[in-house]
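One structure is given below, encoded as structure tokens.
Here is how names work: the chains are called A, B, and so on, in the same order as the sequence lines, proteins then strands, and each is numbered from 1.
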Amino acid sequence: MAVRTTDWRKLPVTLTELCINTTLRCGQSFRWRKSAEDEWSCAIHGRILSLRQDPECLHYRAIFPTTSVPSPPPSTSPSATPSITPDKDDTLALVKHYFNLSTNLGQLYEQWASVDPNFKKRAPKFAGVRILRQDPWETLIGFICSSNNHISRISTMVSNLCLHYGPLIGHIDGVPYHDFPTPETLAKPEVEAHLSKLGFGYRAKYIYKTAVMVAEKGDGLDWLDGLCNPESPAFGKDFGEAGEWTETGREGYRKAHQELLALHGVGPKVADCVCLMGLGWSESVPVDTHVWQIAQRDYRFGKGKNSGLTAATYNAVANHFRRLWGKEAGWAHSVLFTADLKAFSERLVSKAEVKEEATKIKVEDDVAIAENTIKGRKATTKTIKRADKEEEHNVLEAEEKTVRRRSKRLKT
DNA sequence: TAACACCCTGTTAT
DNA sequence: AATAACAGGGTGT
């Protein structure tokens, strides 16, 4: 296959602002591969993007196919017809966009540390964990695969999806790199049975049905793109307004989350992952079993017998973190999530340190969270029973009151 | 609202 | 060593 490989170029970035060795392995994207020692590669937007990082710079290189690709990339982006002349190469813009580099991460870490002792304790060993801005469609399917699953198997599954249905972009050391398949490709009737055979389990049906639904939504991926945060739009898209910030998130975020729930295999957690990592909604806080455990261990959420992760506790946890961390709560959440991953256990804070910290927090706050959870539960019930917007507004007020009570208690 | 099944795989417990 | 039990970034019924 004829290809054109760009030179390595560099972009000044500190490890405080971005650490690819952590960010690319913390379960946000399931497609990056080590192509050499300290080199990561992935097929994105019609090219293979390769990255290296040293303390001063992020080094990047792209490999473009010069023959036409079998099927178009998954988004109506500038990469649909990859430019092969250096002056038209948009790889730098892609890198900046993919890594959300306009956000000042160091500043955010300082802010989170100043309001949250637990964050302050754990974050230092996990600097540079940054929320990626991935393709919404790829994010959606990736996280449908993630349900009740391990990161390693999710990666295998996504890789198989690309291998069998995605366009071949090129090779590195004989290893093929495929871009992510389009909804239309995955909406073909034979896909479900094939994915089952490939070991996708019950997710084979979810993927097929979701592909059909998205493909039927109309013009390519406009529906998904329309759910993006307009202040942080998809690569190559236009901008707009995102709505006013509240502790349940901006209106655009809530709308996107709700619409995603209509898809098969998409519940609250997966919808939040797509909102955060694919649609640019920074306040989205996906609450999985892991985050729920963190909330119980470090933030005094109900440890009682019947304290499962219900719809009510889900919202209570997410709202609590939004109140604590602010508009980029999802980014902070990702730092603590990463700090708890087994893959990074060598960096964990010692148990003695953690225990000491937990005790400190407990002294300040005890009953408040339990109360918060109960209020949240009542509010959620209302939402389900009466779906009109007036009631939903009341729910928001109820949540906000709960939060205020909690903050008062914390100060007393 | 609370169970329970759902596909499969690597890890831990007998 | 072989096998059971269980959890792993949940969702649908």
Side-chain angles (χ1 to χ4, degrees), chain A residues 22-31 126 129 131-132 134 138-161 191-210 213 257-258 260-278 284-297 302 304-318 321 330-345 373-374 376-385:
Chain A
T22 311
T23 300
L24 297 181
R25 296 195 298 142
C26 70
Q28 285 191 61
S29 170
F30 306 104
R31 237 150 53 76
F126 294 88
V129 177
I131 292 295
L132 301 174
Q134 302 179 74
E138 174 182 339
T139 310
L140 173 61
I141 296 302
F143 282 96
I144 285 177
C145 293
S146 81
S147 74
N148 203 250
N149 208 349
H150 305 264
I151 291 178
S152 61
R153 183 156 80 115
I154 302 166
S155 303
T156 306
M157 287 164 66
V158 171
S159 171
N160 269 325
L161 219 42
V191 168
E192 184 182 337
H194 185 209
L195 292 183
S196 278
K197 209 168 70 179
L198 288 173
F200 279 66
Y202 55 82
R203 303 168 199 83
K205 182 177 288 181
Y206 293 163
I207 292 167
Y208 168 68
K209 286 193 167 182
T210 291
M213 287 179 77
H257 189 266
Q258 190 183 351
L260 288 169
L261 292 179
L263 301 169
H264 289 274
V266 179
K269 189 270 179 181
V270 170
D272 268 321
C273 287
V274 177
C275 283
L276 179 63
M277 301 159 199
S284 177
V285 180
V287 183
D288 51 44
T289 56
H290 220 129
V291 173
W292 174 230
Q293 281 169 27
I294 292 172
Q296 291 178 108
R297 186 192 64 200
K305 296 156 199 167
N306 304 343
S307 60
L309 181 46
T310 65
T313 48
Y314 187 106
N315 290 324
V317 171
F321 284 139
W331 289 53
H333 136 281
S334 194
V335 176
L336 294 192
F337 175 83
T338 304
D340 257 41
L341 278 181
K342 264 195 292 184
F344 300 111
S345 56
T373 308
I374 292 163
R377 177 180 309 240
K378 283 178 183 166
T380 311
T381 311
K382 267 190 194 171
T383 317
I384 293 165
K385 283 184 179 170

Once you apply a heavy-atom cut-off of 4.0 Å, does [X] come out as touching a base, just sugar-phosphate, or nothing?
X: A:Cys145; value: nothing
X: A:Gln293; value: nothing
X: A:Pro268; value: sugar-phosphate
X: A:Val291; value: nothing
X: A:Met277; value: base
X: A:Val287; value: nothing

Give me the atom names and distance for the closest heavy-atom approach of [X] to [Y].
X: A:Ile144; Y: A:Val270; value: N-CG1, 4.1 Å
X: A:Val285; Y: A:Gly330; value: CG2-N, 4.1 Å
X: A:Asn148; Y: A:Arg203; value: O-NH2, 3.2 Å

Rounded to the Å, how far apart are [X] [atom1] and [N] [atom2]?
X: A:Arg203; N: B:dC6; atom1: CZ; atom2: P; answer: 14 Å
X: A:His150; N: B:dT12; atom1: NE2; atom2: P; answer: 11 Å
X: A:Lys205; N: B:dA5; atom1: NZ; atom2: P; answer: 17 Å
X: A:His264; N: B:dC6; atom1: NE2; atom2: P; answer: 18 Å

In Watson-Crick or G-U wobble terms, both distances under 3.5 Å, what is the partner of B:dT14? C:dA2
Under a 3.5 Å cut-off for both distances, is B:dT1 Watson-Crick or wobble paired, and to whom? none
Heavy-atom nearest nucleotide on DNA chain C taken for A:Phe337 and for A:Leu263; more 5' hit belongs to A:Phe337
On DNA chain C, nearest-nucleotide positions of A:Leu261 versus A:Ile151: which is more 5'? A:Ile151
Can you find an N or O donor on one side and an acceptor on the other, under 3.5 Å apart, linking the side chain of A:Asn148 with the base of B:dC7? yes
Under 3.5 Å, is there an N or O donor on one side and an acceptor on the other linking the side chain of A:Arg153 and the base of B:dC7? yes
Ring centroids only, cut at 6.0 angstrom: are A:Phe337 and A:Phe126 within range, meaning strictly under it? no
Roughly how far apart, to the nearest Å, are [N] and [M] at atom [atom1]?
N: B:dA5; M: C:dA5; atom1: P; answer: 15 Å
N: B:dT9; M: C:dA1; atom1: P; answer: 24 Å
N: B:dT12; M: C:dG9; atom1: P; answer: 13 Å

Under 3.5 Å, is there a donor-acceptor pair between the A:Thr310 and A:Thr313 side chains? yes
Flag the pair A:Met157 / A:Leu161 as yes when at least one side-chain heavy-atom distance between them is below 4.5 Å, and no otherwise. no
Below 4.5 Å, heavy atoms only, C-beta onward: do A:Val287 and A:Leu309 meet side chain to side chain? yes
Run A:His333 and A:Leu276 through side-chain contact (heavy atoms from CB on, under 4.5 Å) and show every step you take. CA-CA 11 Å; A:His333 136 281; A:Leu276 179 63; 4.3 Å; yes
Which sits closer to the 5' end of DNA chain B, A:Ser152 or A:Tyr206, going by the nucleotide each is nearest to? A:Tyr206
Quick one: how far along DNA chain C does chain A reach, first to last nucleotide 5' to 3', anything under 4.0 Å to a heavy atom? C:dA7 to C:dG12
